[in-house]
2 protein chains.
Amino acid sequence: MTPNPVSDLGSYLKDQRLQAQLSLRQAAERAGISNPYLSQIERGLKRPSAEILQAIAKGLAISAEQLYVHAGILDAPSDEDAPVDTRQAIKSDPRLSDKQRKALLDVYESYVGD
Amino acid sequence: MTPNPVSDLGSYLKDQRLQAQLSLRQAAERAGISNPYLSQIERGLKRPSAEILQAIAKGLAISAEQLYVHAGILDAPSDEDAPVDTRQAIKSDPRLSDKQRKALLDVYESYVGD
DNA sequence: GCAAAGTGCTAACTGTAGTTAGCATAATGA
DNA sequence: TCATTATGCTAACTACAGTTAGCACTTTGC
């Protein structure tokens with residue numbers, strides 16, 4: 001079921017780093033940590049502190065909350081606190097043109113199947 | 001203005017513990033950590049890992065997010081600026097995989113600029 | 001062909017988180 | 001009065017997070 005959160009954190013981080021087109025050293029420098037350490041984190045050999053995680057998240061411009069969840073440090077977003085419905089948010093977003101709104105909704109629906 | 005988050009964490013924790021009518025040892029046992037360590041945390045001598053923080057939070061039945069913010073580990077609630085934020089909705093949508101989330105965010109961001 | 005620079009990795013070290021053992025004081029109760 | 005128990009604290013240790021130095025392998029450019 002839920003994959004090991006700690007070892008999974010590594011591959012998640014690596015994924016995000018690659019998607020951001022960053023080398024290990026570049027990402028490490030952005031996060032202000034050493035590249036061997038980031039390497040060890042990505043391979044699941046070390047479990048970074050939350051401070052480090054936050055720094056990495058900032059460096060990769062991704063959500064710290066997301067990272068914490070993957071690190072098993074924060075409990076998964078409880079469905080009970082009723083996160084805003086994404087579809088609804090898109091529909092009512094004033095910053096989107098109608099065309100953009102439609103496109104974004106299409107992408108979203110293709111993902112969640114509906 | 002904003003007090004030092006790290007040293008402030010200690011007094012915040014102590015406050016919460018006293019409000020819960022727990023002795024140091026009781027709180028430590030509930031959190032599954034040693035009482036000297038909790039003592040040092042409360043006095044700002046040690047900075048606990050996020051895992052420990054989470055355990056303490058659970059023991060005191062308080063919000064882990066709250067604690068993380070006080071620990072300076074999580075940035076203060078960001079949704080103040082945009083009440084119903086599409087970006088936020090996408091980020092916290094449990095139906096999306098991380099890849100999909102990233103992709104959708106990329107599309108959205110390309111639309112609204114930011 | 002071969003420097004030069006970029007890739008990720010290993011080894012060995014340092015610092016600090018978190019431990020156990022035990023101290024001093026204050027409150028309870030026989 | 002004196003043992004007992006709970007309070008928080010200090011000291012000394014262990015484990016591991018995070019460091020620097022440097023290796024082997026590709027890729028780029030002259």
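In what follows, chains carry the letters A, B, and so on, assigned in the order in which the sequence lines appear, proteins first and then strands, with residues in each chain numbered from 1. Below, each value reflects all heavy atoms present in this structure, side chains not excepted, and no hydrogens, waters or symmetry copies. Note that the structure is a prediction, hence the values are computed from the model and not measured.
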_Residue-phosphate contact under 4.0 Å: B:S34 side-chain N/O, C:dT20 OP1/OP2_ = no
*asked:* Checking contacts here: which listed nucleotide (D:dG18, D:dT10, C:dG18) is nearest the side-chain heavy atoms of B:P36?
replied: D:dT10
*Round to a whole Å and report the spacing from CZ of A:R43 to P of C:dA11.*
10 Å
*Is it true that B:R17 and B:E42 have a side-chain N and a carboxylate O under 4.0 angstrom from each other?*
yes
*asked:* Can you measure A:N35 atom CG to D:dT19 atom C1' for me and round it to whole angstrom units?
replied: 11 Å
*How close or far is atom C1' of D:dT19 from atom CG of A:L45, stated in whole angstroms?*
16 Å
_Below the 4.0 Å mark, does D:dA17 have OP1 or OP2 next to a side-chain nitrogen or oxygen of B:R47?_
no
*Does OP1 or OP2 of C:dG8 have a side-chain N or O of A:R17 closer than 4.0 Å?*
yes
*With a non-hydrogen cut-off below 4.0 angstrom, is B:S23 in contact with a base, only sugar-phosphate, or nothing?*
sugar-phosphate
_Aromatic plane relationship, A:Y68 with B:Y68 - under 30° parallel, 30 to 60° tilted, over 60° perpendicular_ = perpendicular
*Please check the phosphate of C:dG18 (OP1 and OP2 only) for any side-chain N or O of B:S49 closer than 4.0 Å.*
yes
_Which nucleotide in C:dC9, D:dC9, C:dA17 has an atom nearest any side-chain atom of B:Y37_ = C:dA17
*Would you name the heavy atoms of B:I90 and B:R101 that are closest together and state the gap between them?*
O-NH1, 3.1 Å
*Whole-Å distance separating the CD1 atom of A:I33 from the P atom of D:dT20*: 11 Å
*asked:* Output the rounded distance in Å from CD1 (B:I41) to P (C:dT16).
replied: 16 Å
_What is the separation between atom CG on A:L38 and atom C1' on D:dG18, rounded to the nearest whole Å?_
12 Å
*Just checking, is any N or O donor in the side chain of A:S39 or A:R43 under 3.5 Å from an acceptor N or O on the other one?*
yes
_Could you tell me how far apart B:L24 (CG) and C:dA24 (P) are, to the nearest whole angstrom?_
19 Å
_What is the distance, to the nearest angstrom, from the CD atom on B:E42 to the P atom on D:dT7?_
13 Å
_For B:Q40, is the CD atom crowded, meaning more than 12 foreign heavy atoms sit under 6.0 Å from it?_
yes
*asked:* Determine whether a donor-acceptor pair (one donor, one acceptor, N or O, separation below 3.5 Å) exists between the side chain of A:R25 and the base of C:dG6.
replied: no
